[in-house]
Participant: 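Could you have a look at this structure, given as structure tokens, before my questions?
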Amino acid sequence: MRKGFLTFAAVGLLAAGSMAACGENSDGGNQAGSSEKKPKIGVILPDSKSSARWEGADRKFLKAAFDAAGVESDIQNAQGDKTAFQTIADQMITNGVTVLMIVNLDDGTGKAVLDKAKSQGVGTIDYDRLTLGGSAQYYVSFDNEAVGKLQGEGLAKCLTDKGVKNPAIAYLNGSPTDNNATLFKNGYDSVLKPKFDSKEYTKVADDSVPGWDNTQAATIFEQQLTKAGGKIDGVLAANDGLGNAAISVLKKNKLNGKVPVTGQDATPEGLQNILAGDQCMTVYKAVKKEADAAAELAIAVAKGEKKDTGQTVNDPKGNRDVPAVLLEPKAIYKDNVKDVVADGYVTKDELCTGDFVKLCTEAGIS
């Protein structure tokens, strides 16, 4: 992955440098999209089960960005169904979208949809997840290895703060079909593997959770805890949903608050777990910036423009470098949960309910 972060504002994220629809794209083929057609953007979100972010954040921020630009959009959710994903894509192409933006469910389905869109002259963008072997013209996401690195550093910090010696660590990785999960793991392995190698830490479990399914995650973690004889000192959970699944099992065993658990996405539930002391940290990804960047790029592609993003990510399966916009993630602990609220990603009303009112006040959330 070639990095070199740019400084991004909500608008104007991409360098100018348009070219007509007949110009060459990154694959050497014709640039999809046309300045003669009125932009219409289709977006396919993956599900609402794996993370609250897709419906709670991405949908509203993408719609707001398109509406503000006066551009027609069609945002749908495949709800984890590969057949529905392809059907939605076919309908969007038939109904005249000029750009299709997808969060793939797996590489095979994503590639099929992207290839069909490309063959129909529809512009393509991978949103949040890169489709390996796919044909998207652009990729908009966060630096996902950096996300994982923050998780690894966060778990190490929380274990140090608790004074745990030679901790036994369990991994709850994301879906094996999601390239982001691989990148997250690369990131936290870069921090934790040296500790395993030096015997400072011991890895007692390392399992992936199919489809990021939180129910399966709880079952998997219960099995991990049983196999470890009840001794797990830290849980590297790849997102807040998986983290909450682990916490539910720790609660049953009266271990919550004693065992640091990581997360990602800064969901209301994840932040509440942090305020309660049951989760040690999460990773905040400013989805509004991601949505704004993707919307701006989609509109440009719809107009037949080619943008210089200044960054690329390598698709090893497709043997190509994909022009990319990558944003920086931020680690969130109890002392800076208020930053997520101040940024407008989660509201005080969502977060500070019931028993959390007092905890919010103590954390400086106003």
Side-chain angles (χ1 to χ4, degrees), residues 49-51 106 144-145 147-265 267 269-270 273-274 276-283 331 333:
K49 188 176 180 180
S50 66
S51 176
D106 63 5
N144 292 308
E145 287 194 4
V147 169
K149 186 176 180 182
L150 290 177
Q151 291 174 319
E153 291 171 345
L155 185 60
K157 175 184 183 300
C158 295
L159 288 165
T160 298
D161 289 348
K162 286 183 175 293
V164 182
K165 304 297 183 184
N166 190 26
I169 306 300
Y171 278 8
L172 272 179
N173 309 304
S175 175
T177 61
D178 181 353
N179 184 56
N180 280 3
T182 300
L183 298 176
F184 301 146
K185 192 172 191 293
N186 289 345
Y188 48 79
D189 269 342
S190 72
V191 176
L192 299 177
K193 188 175 184 300
K195 296 182 182 294
F196 298 140
D197 291 344
S198 69
K199 310 301 183 185
E200 181 183 354
Y201 289 8
T202 302
K203 187 196 289 186
V204 296
D206 185 349
D207 293 293
S208 296
V209 179
W212 295 90
D213 185 278
N214 298 332
T215 302
Q216 287 192 60
T219 300
I220 290 169
F221 182 68
E222 196 149 27
Q223 292 168 347
Q224 290 180 338
L225 190 61
T226 299
K227 189 174 180 180
K231 180 172 168 46
I232 288 178
D233 301 305
V235 182
L236 196 301
N239 76 356
D240 288 348
L242 303 187
N244 189 66
I247 289 166
S248 70
V249 175
L250 291 171
K251 283 180 177 178
K252 288 197 301 184
N253 290 274
K254 298 185 175 7
L255 293 171
N256 58 303
K258 300 175 183 178
V259 179
V261 178
T262 66
Q264 177 186 176
D265 291 335
T267 63
E269 182 178 63
N273 282 335
I274 291 173
D278 292 336
Q279 183 170 323
C280 84
M281 61 85 68
T282 188
V283 178
Y333 300 87

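Positions are given from 1, in the same order as the sequence printed here.
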Participant: Looking only at side-chain N and O atoms, does Asn244 offer a donor or acceptor that is under 3.5 Å from a partner on Asn214?
Facilitator: no
Participant: Less than 3.5 Å apart, which donor and acceptor atoms pair up between the side chains of residues 187-194 and the rest of the protein, not counting sequence neighbours?
Facilitator:
residue	atom	partner	partner atom	Å
Tyr188	OH	Asn173	OD1	2.4
Asp189	OD1	Tyr171	OH	2.8
Asp189	OD2	Lys185	NZ	3.2
Ser190	OG	Gly187	O	2.5
Lys193	NZ	Asp197	OD2	3.0

Participant: Please report the closest heavy-atom contact between Lys195 and Ala156, naming both atoms and the distance.
Facilitator: CE-CB, 4.1 Å
Participant: Ignoring hydrogens, what is the shortest heavy-atom contact between Val235 and Ile232? Give both atom names and the distance.
Facilitator: CG2-CG2, 4.0 Å
Participant: Counting C-beta onward and ignoring hydrogens, is there a side-chain heavy-atom pair between Asp278 and Leu250 closer than 4.5 Å?
Facilitator: no
Participant: Hey, does Ser248 have a side-chain heavy atom less than 4.5 Å from the side chain of Phe221?
Facilitator: no
Participant: Is it the case that the side chain of Thr262 and the backbone of Ala237 share a donor-acceptor pair, with hydrogens and angles ignored and the cut-off at 3.5 Å?
Facilitator: yes
Participant: Between CG of Asn180 and CG of Asn186, what distance do you get to the nearest 0.5 Å?
Facilitator: 11.0 Å
Participant: Between CG of Asp213 and CG of Leu242, what distance do you get to the nearest 0.5 Å?
Facilitator: 9.0 Å
Participant: Find the distance between CD (Glu145) and OG1 (Thr182) and round it off to the nearest 0.5 Å.
Facilitator: 10.0 Å
Participant: Assess whether side chain to side chain donor-acceptor pair (under 3.5 Å) is satisfied between Asn239 and Ser51, documenting all intermediate values.
Facilitator: CA-CA 8 Å; Asn239 76 356; Ser51 176; 4.8 Å; no
Participant: Between Lys252 and Glu222, which heavy-atom pair has the shortest distance, and what is it?
Facilitator: NZ-OE2, 3.1 Å
Participant: Counting only heavy atoms not in Lys203, do more than 12 fall under 6.0 Å of its NZ?
Facilitator: yes
Participant: Applying side-chain hydrogen bond (donor to acceptor under 3.5 Å, both in side chains), name anything that partners Lys157, two or more places apart in sequence or on another chain.
Facilitator: Asp161
Participant: Should Tyr201 and Asp233 count as side-chain neighbours, where that means a heavy-atom distance under 4.5 Å?
Facilitator: no
Participant: Is there a side-chain contact between Phe196 and Ile169 (heavy atoms, below 4.5 Å)?
Facilitator: yes
Participant: Check Ala238 against Gln151 and note the closest heavy-atom contact, atom names and distance.
Facilitator: O-NE2, 3.0 Å
Participant: When rounded to the nearest 0.5 angstrom, what distance separates OG1 in Thr202 from NZ in Lys231?
Facilitator: 8.5 Å
Participant: If you take all heavy atoms of Thr177 and Ser175, which pair is closest and at what distance?
Facilitator: OG1-OG, 2.9 Å
Participant: State, to 0.1 Å, how close Ala245 and Ala218 come at their nearest heavy-atom pair, and which atoms those are.
Facilitator: CB-N, 3.7 Å
Participant: Please tell me if the side chains of Asn273 and Val261 come closer than 4.5 Å, counting only heavy atoms from C-beta onward.
Facilitator: no
Participant: Check whether any side-chain heavy atom of Gln264 sits under 4.5 Å from a side-chain heavy atom of Leu150, and report yes or no.
Facilitator: no
Participant: Can you find a heavy atom in the side chain of Glu269 that is under 4.5 Å from one in the side chain of Asp240?
Facilitator: no
Participant: Could you go through the side chain to side chain contact (heavy atoms under 4.5 Å, CB included) check for Val204 and Gln224 one step at a time?
Facilitator: CA-CA 8 Å; Val204 296; Gln224 290 180 338; over 6 Å; no
Participant: Do the side chain of Gln279 and the main chain of Pro260 share a donor and acceptor less than 3.5 angstrom apart?
Facilitator: no
Participant: Could you tell me whether the side chains of Trp212 and Asp178 share a donor-acceptor contact shorter than 3.5 Å?
Facilitator: yes
